[in-house]
Amino acid sequence: MVKSFFFSLLLCTTLSFAQEVNIIPQPVKVVRNTGNFVITSQTSLVVTNKEDNATAAFLNGYLSNYYGFVLPIAKKANTNYIKLTSQKNIKGLKSEGYTFKSDKNGVEITGNAAVGTFYGMQTLIQLLPVEKSKSLAIAAVEVKDEPRFEYRGAMLDVGRHYFPVAFVKKYIDYLALHKMNYFHWHLTEDQGWRIEIKKYPKLTEIGSKRNGSIIGSYPGKGSDNTPEGGFYTQEEVKDIVKYASDRFITVIPEIEMPGHGSAAIAAYPELSCFPDEKTQLPDNMISAKSKQEMANGRNKIVQETWGVHSDVYVPSEYTFKFLQDVIDEVIVLFPSKYIHVGGDEAPKDAWKRSEFCQQLIKEKGLKDEHGLQSYFIQRMEKYINGKGRTLIGWDEILEGGLAPNAIVMSWRGEEGGIAAAKENHKVIMTPGSHVYLDHSQTKNEKEVTIGGYLPIETVYAYEPIPKELNEQQAKYVLGAQGNVWTEYMANPAKVEYMIFPRLSALSEVLWSPKENKNWTEFQTKIETMKKRYTIWGANYFKE
């Protein structure tokens, strides 16, 4: 009798776990049926197409890492199975769509393509209990699902702070677990050049290192003599790109131009309008080591403070050859159809002082320095287009005239995106007001941040298609992206703290039908998701 009681109690506990259907992002359609399916180490993972091998590997990796067992791979099974099937032309579903069915016998995930099957597997992960166990009961459900937007992205800035390959991969996993499909990798900055370019070795020999981080009261980083550095070899980049591809994530590299180029200029001063002019900064913004180097004849330094710096690329033939050479090596490493060139926060002071730049403005019949920036971006766009790729830039590339085929990332509010869409240009919305995940999550934030206030409810409330656009113009909005600028994130735990739980909210903004979003329901779901963060060993913001 006692044995029977404890068995009944165990069964009820298992079933209680299975009752929860808290899927983030919320699917298009979910039907909860009676019963459940229990996954154990004896459950067969049925893989019928080799294109689903990556999905099977991800699932087994997840089960191994967080539950301590893997599933045997099989070609068929009648009961106790998880079946992955990719096929084409499922009626009424986009290419990234899938169907999902679980009952007492097993789980069937059918993707409209391999990527859809992968997303169906992510839904299975969302149904797993948040308590570690060797026996995993999931609810019996039927799901029909597809994403709302084709571009669902997140950016990681490794220019201010270098992050090891292992964490970059973990960040990619976080995106995959949220059905996001673009990783924007911000690789170059005033404070560090992070990608190996074989033709220009000084970019990493000099440009990847700074002598200090003069950022005031930032704990542990206030000293002006704390060196920082690091870069990714081309082999590491290839490895990361392959890792992302196996998770159906496209990596978009960003090589900043014409501004935010101080690290490259430190390596190759000829890229500056004034190569013989020493870096001009207040005395308290240069480390002791850099002061000594400049006293010994060095003119340019990798910047040690955050913000916008005035030493931008000179639009000379030397610079264009340099950038074209860099792009040539970048496109070999990144199969992405998109190449991001920045284009933001490029002060015009140096161009105004430069006789060469003023003469170039006259020769090209440009109106002013904004026109010169447009000339710069359009010239690079023509080169990038010639390589079969498409240029993306921050919304400053609108100034002086938009490059013909460029995609605009609208960050200074939505105005740039609205203007670009009305000109029939594709747009990715990324306004600081709603998706800058480096902003504080509470008005009483204890952690040091860049500033601003962005609670999770504001992220969740974001609507990427502005009301100012009509139905036809709205089609140019590809989607949106969350940005993680790392001025005040020197380690992976801080990045995790800043992205979670807001990344989960953003994933629902980008994936789920607008009418399916429900803040009250999401608040319940996010409590379950926080338990998943704990299983993952991820740091996160706790109110």
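Starting from 1, each residue takes its place in the sequence as its number. Since we're looking at a predicted model, the values are computed, not measured.
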Between Ser102 and Val141 (side chain of the first, backbone of the second, donor and acceptor by atom type, cut-off under 3.5 Å), is there such a pair? yes

Could you tell me if the side chain of Ile526 sits less than 4.5 Å from the side chain of Tyr460, heavy atoms only? no

Give a yes or no on this: more than 12 heavy atoms of other residues, nucleotides or ligands lie within 6.0 Å of atom NZ of Lys443. no

Salt-bridge contact Arg160-Glu487 (side-chain N to carboxylate O under 4.0 Å): yes

Taking the six-membered ring for Trp, are Tyr171 and Phe163 ring centroids under 6.0 Å apart? no

At their closest point, which heavy atom of Thr85 faces which heavy atom of Thr48, and how far apart are they? OG1-OG1, 3.9 Å

Quick check: do Thr43 and Leu136 have side-chain heavy atoms less than 4.5 Å from each other? no

Do Tyr533 and Ser504 pair up side chain to side chain, a donor and an acceptor below 3.5 Å, judged on atom types alone? yes

Does Lys530 qualify as a cation-pi partner of Tyr540, given the criterion of NZ or CZ under 6.0 Å from the six-membered ring centre and within 45 degrees of its axis? no

Heavy-atom pair of closest approach, residues Val130 and Ile535: O-CD1, 3.1 Å

Could you tell me if the ring centre of Tyr162 sits under 6.0 Å from that of Tyr232? yes

Describe, in one word, how the ring planes of Tyr174 and Phe167 are oriented to each other, choosing from parallel (under 30°), tilted (30 to 60°) and perpendicular (over 60°). perpendicular

With a 4.5 Å limit on heavy-atom distance, are the side chains of Asn539 and Phe500 in contact? no

Any Glu254 side-chain heavy atom under 4.5 Å of Trp394 side chain: yes

Mind checking what makes side-chain hydrogen bond (donor to acceptor under 3.5 Å, both in side chains) contact with Asn405, not counting sequence neighbours? Asn385

Taking side-chain hydrogen bond (donor to acceptor under 3.5 Å, both in side chains) as the criterion, tell me which of Lys517, Lys179, Arg148, Lys525 meets it with Glu508. Lys525

Heavy atoms of other groups near Glu515 CD, more than 12 under 6.0 Å: yes

What about Tyr151 and Tyr182, are their ring centers closer than 6.0 Å? yes

Side chain Arg152, main chain Leu510, donor-acceptor under 3.5 Å: no

For side chain to side chain contact (heavy atoms under 4.5 Å, CB included), just list the numbers for Val165 and Tyr243, CA-CA rounded to whole Å, side-chain angles, deciding distance to a tenth of an Å, and then say yes or no. CA-CA 11 Å; Val165 170; Tyr243 189 88; over 6 Å; no

Could you work out, with salt bridge (Lys or Arg N to Asp or Glu O under 4.0 Å) as the rule, every residue matching Asp173, not counting sequence neighbours? Arg247

Check this for me: Asn424, atom CG, are more than 12 non-hydrogen atoms of other residues, nucleotides or ligands nearer than 6.0 Å? yes

With a 4.0 Å cut-off, would you call Arg412 and Asp344 a salt bridge? no

Residue of the set Val251, Asp157, Ile172 for which side-chain contact (heavy atoms from CB on, under 4.5 Å) holds with Trp185: Val251

Salt bridge present between Lys144 and Glu142 (N-O < 4.0 angstrom): no

Just verifying a value: how many Å separate Thr486 OG1 and Ile450 CD1, rounded to the nearest 0.5 Å? 10.0 Å

Side-chain contact, heavy-atom cut-off 4.5 Å: Val21 with Leu127? yes

Ile384 side chain reached by Val341 side chain, heavy atoms, under 4.5 Å: yes

Centroid separation Trp511 to His178 less than 6.0 Å: no

Quick one: side chains of residues 451-459, donor-acceptor pairs under 3.5 Å with protein atoms, not counting sequence neighbours, listed by atom name and distance.
none

